[in-house]
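Everything below concerns the one structure shown next.
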Protein chains: 2
Amino acid sequence: MESGEKRRRPNRPVRVEDVARVAGVSPITVSRALSYPDKVKEETRARILEAVAQTGYVVNRFASSLRSGRSNVISVFVSSLMNPHFASSMQGILDAFEGSPYQLMFAQTGYSEQFEADLLETVLPFRPAGVVFTGVIRSDKSREALQQLAIPVIEMWGYRPDPIDMLLGFSNHEGGRLMGEHFGQKGFRRIAYSGHTIERGAERIAGFREGLARHDATINLIHPMEGTRRIADGIDAFRDIRAQLPDVDAIFFGTDILATGAVLGAEKMGVEVPREVAIAGFGGLDYTPHVRPSLTTIHVSGYEMGRDAGRMLLRRLNGERVDKPVVQQPISLEARDSTNR
Amino acid sequence: MESGEKRRRPNRPVRVEDVARVAGVSPITVSRALSYPDKVKEETRARILEAVAQTGYVVNRFASSLRSGRSNVISVFVSSLMNPHFASSMQGILDAFEGSPYQLMFAQTGYSEQFEADLLETVLPFRPAGVVFTGVIRSDKSREALQQLAIPVIEMWGYRPDPIDMLLGFSNHEGGRLMGEHFGQKGFRRIAYSGHTIERGAERIAGFREGLARHDATINLIHPMEGTRRIADGIDAFRDIRAQLPDVDAIFFGTDILATGAVLGAEKMGVEVPREVAIAGFGGLDYTPHVRPSLTTIHVSGYEMGRDAGRMLLRRLNGERVDKPVVQQPISLEARDSTNR
DNA sequence: GTGAAAGCGCTAACAG
DNA sequence: CTGTTAGCGCTTTCAC
């Protein structure tokens with residue numbers, strides 16, 4: 001850490017007062033020049049900005065937020081940053097907030113309800129101006145805590161009849177149902193589901209079962225995969241499912257990631273898709289049309305969901321009204337080669 | 001937002017003072033009970049914790065950090081959260097900090113130097129206790145600003161002879177060289193590179209060229225791809241390269257994502273990999289062994305890099321010495337089917 | 001358009 | 001082990 005720089009004062013950071021002295025004004029004028037440029041004479045402001053540059057002043061957000069009672073932190077919770085489904089939503093949020101004065105603080109909840117609650121405790125001290133949740137918030141205690149705060153909260157990627165505040169989600173049940181109908185129409189009879197089985201997964205399964213039932217079909221095997229999901233896990237899942245249900249003729253995966261792995265696994269095992277086993281995913285990841293065979297999936301507009309959630313939140317932060325605080329995003333079945341028999 | 005809760009005071013948040021009154025102690029004792037549990041008698045602490053629960057007290061981090069001069073914010077900069085190469089590093093950082101009192105604040109720099117500098121300005125007001133950078137920091141102004149702060153800074157995924165503080169990276173030049181040697185040994189003669197061409201990309205290209213030169217080969221086409229990278233972009237890239245260099249017999253992509261797309265694109269166009277064109281990627285994404293044909297790549301331990309960077313930073317935050325503040329991560333060539341001719 | 005005084009909520013420093 | 005006092009750096013409020 002040796003540098004030839006003229007190190008300022010090792011101990012005392014530059015404060016408004018220092019800038020004020022250099023610019024020959026009072027501290028409050030410096031503050032105004034930086035926060036409300038219009039309220040300060042052009043010339044004064046120029047002098048102040050020069051003093052800021054000269055002194056290397058950086059506002060202390062702790063002091064400014066403490067005094068003003070305003071925070072520019074938006075807290076974003078996501079179960080996993082590595083999950084590409086969510087990653088595109090995160091991108092959407094980032095894009096929505098670009099150019100705004102807000103600072104996004106990401107926190108990863110890791111699919112655990114307890115951890116989610118703990119995390120909230122480490123984030124709330126920052127008095128976030130708003131909160132984004134990827135997936136509905138499960139812990140009742142957390143829901144209450146957020147409600148008490150009376151700040152804009154938006155839940156995404158899930159659905160609840162009683163959102164904390166705003167909600168931008170889609171129906172996992174409907175997604176499952178669409179796939180169930182599709183499998184039923186195709187005449188598949190030995191059917192497996194693989195993926196999450198709780199929360200969103202449970203809804204998906206219920207819908208899937210409902211869709212299948214209309215064609216007198218049912219789920220013959222539920223293969224739970226709660227943990228991490230990587231392509232390689234899909235390969236294993238495919239092997240396991242074939243072992244447990246040798247005559248399986250169609251598998252619905254809770255995520256495209258597993259489904260992609262399964263397609264690769266099938267090829268490895270010399271099993272033809274879709275002739276011997278049909279495979280479908282969920283989420284509509286960008287590469288699904290390019291997998292060979294192209295992957296049937298339920299398309300969810302993750303990016304748009306994040307972007308729109310960000311916009312809704314921004315509107316509320318700007319004091320505008322949000323007409324429809326609860327939005328159900330449309331989803332659709334993308335029937336492709338992997339189930340085309 | 002109507003709830004049957006007994007809403008406390010709509011305007012005045014709960015403060016230490018309120019907790020203190022309920023617990024029958026002074027404010028400072030409350031503060032200590034929460035920050036330094038050992039310094040308060042067991043019994044008193046229990047009473048305080050009960051009062052905290054009863055009142056719903058949440059510490060105001062702005063006030064506490066302002067007074068104590070300590071921040072628990074770690075600022076993490078990453079060019080793109082959607083990039084799976086970096087995502088696993090982010091995961092590593094998250095895991096390293098799990099259970100620590102620090103709060104990670106992610107900021108996305110979007111590959112732009114200017115944006116990177118602007119972002120630093122919005123983050124520095126939070127007086128982060130430490131900074132993690134994915135990729136070396138380019139702007140000299142930013143480097144100086146961070147150096148002035150004298151807080152632990154760690155740069156990852158890149159290399160510079162003059163790191164700001166700590167650096168955990170690998171040599172892109174070496175990665176390129178390894179691939180150049182491999183291509184040369186395989187006897188490829190009409191060679192293309194596709195991917196980033198600046199910064200890390202430039203180093204990779206230089207190394208690649210050097211490796212090839214040892215076998216009297218050279219790069220016949222550089223196909224720049226600076227922007228977003230998705231599998232579909234790799235498909236396009238492959239088509240473009242074939243159009244520009246019809247007799248190309250080997251392509252080195254700056255990321256596995258593009259290489260994977262290229263493999264799929266080749267299959268679509270009826271071009272055999274590796275017989276007609278060999279394809280290699282960079283990064284060692286988890287699914288590369290499973291692509292058909294399996295993808296030759298330069299393996300980089302992204303997760304470990306993030307995790308180790310997090311640990312180094314934590315050690316410094318705890319006041320411990322870090323013996324080797326500049327670490328070069330080993331990388332290796334994973335020769336697989338996509339170049340096996 | 002600018003300034004003086006006050007205080008946001010917390011915890012360091014010093015006492016006891 | 002607990003309390004008193006003061007002040008972190010900023011911006012609100014009120015004044016001119």
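For the pair Phe133(B)/Val131(B), a side-chain contact is recorded, criterion being any heavy-atom separation below 4.5 Å from C-beta on. Residues Arg21(A) and Glu17(A) have side chains in contact (heavy-atom distance under 4.5 Å, counting atoms from C-beta outward).
One finds the CG atom of Leu168(B) at 11.0 Å from the CG atom of Leu313(B) (value rounded to the nearest 0.5 Å). Residue Ser71(A) holds its OG atom at 9.0 Å from CE of Met105(A), rounded to the nearest 0.5 Å.
Considering only residues two or more places apart in sequence or on other chains, Arg160(B) meets the salt bridge (Lys or Arg N to Asp or Glu O under 4.0 Å) condition with Asp162(B). Residues passing the salt bridge (Lys or Arg N to Asp or Glu O under 4.0 Å) test with Lys141(A) are Glu121(A), sequence neighbours excluded.
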Would you mind building the protein contact string for nucleotides 10-16 of chain D? One character per nucleotide, 5' to 3', B for base within reach (heavy atoms under 4.0 Å), S for sugar-phosphate only, - for untouched.
BBB----
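Put simply, Ser26(B) has no side-chain N or O that comes within less than 4.0 Å of OP1 or OP2 on dT2(D).
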Counting only pairs under 3.5 Å, give me each side-chain donor-acceptor contact of residues 28-38 of chain A, with atom names and distances, residues two or more places apart or in other chains.
residue, atom, partner, partner atom, Å
Thr29(A), OG1, Ser26(A), OG, 3.2
Ser35(A), OG, Ser31(A), O, 3.4

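Near-neighbour residues of DNA chain C inside residues 42-52 of chain B, defined by a heavy atom below 4.0 Å, are absent.
The pair Glu155(A)-Arg143(A) counts as a salt bridge, with a side-chain nitrogen and a carboxylate oxygen less than 4.0 angstrom apart.
When DNA chain C is scanned 5' to 3' for any atom under 4.0 Å from a heavy atom of chain B, the first and last hits are dG9(C) to dA12(C).
Contact detail for Met166(B) and Pro152(B): the closest heavy-atom pair is CE-CB, 4.0 Å.
Ring geometry for Phe97(B) against Tyr102(B) counts as perpendicular: the plane angle is over 60°, on a 0 to 90° scale with 30° as the lower cut.
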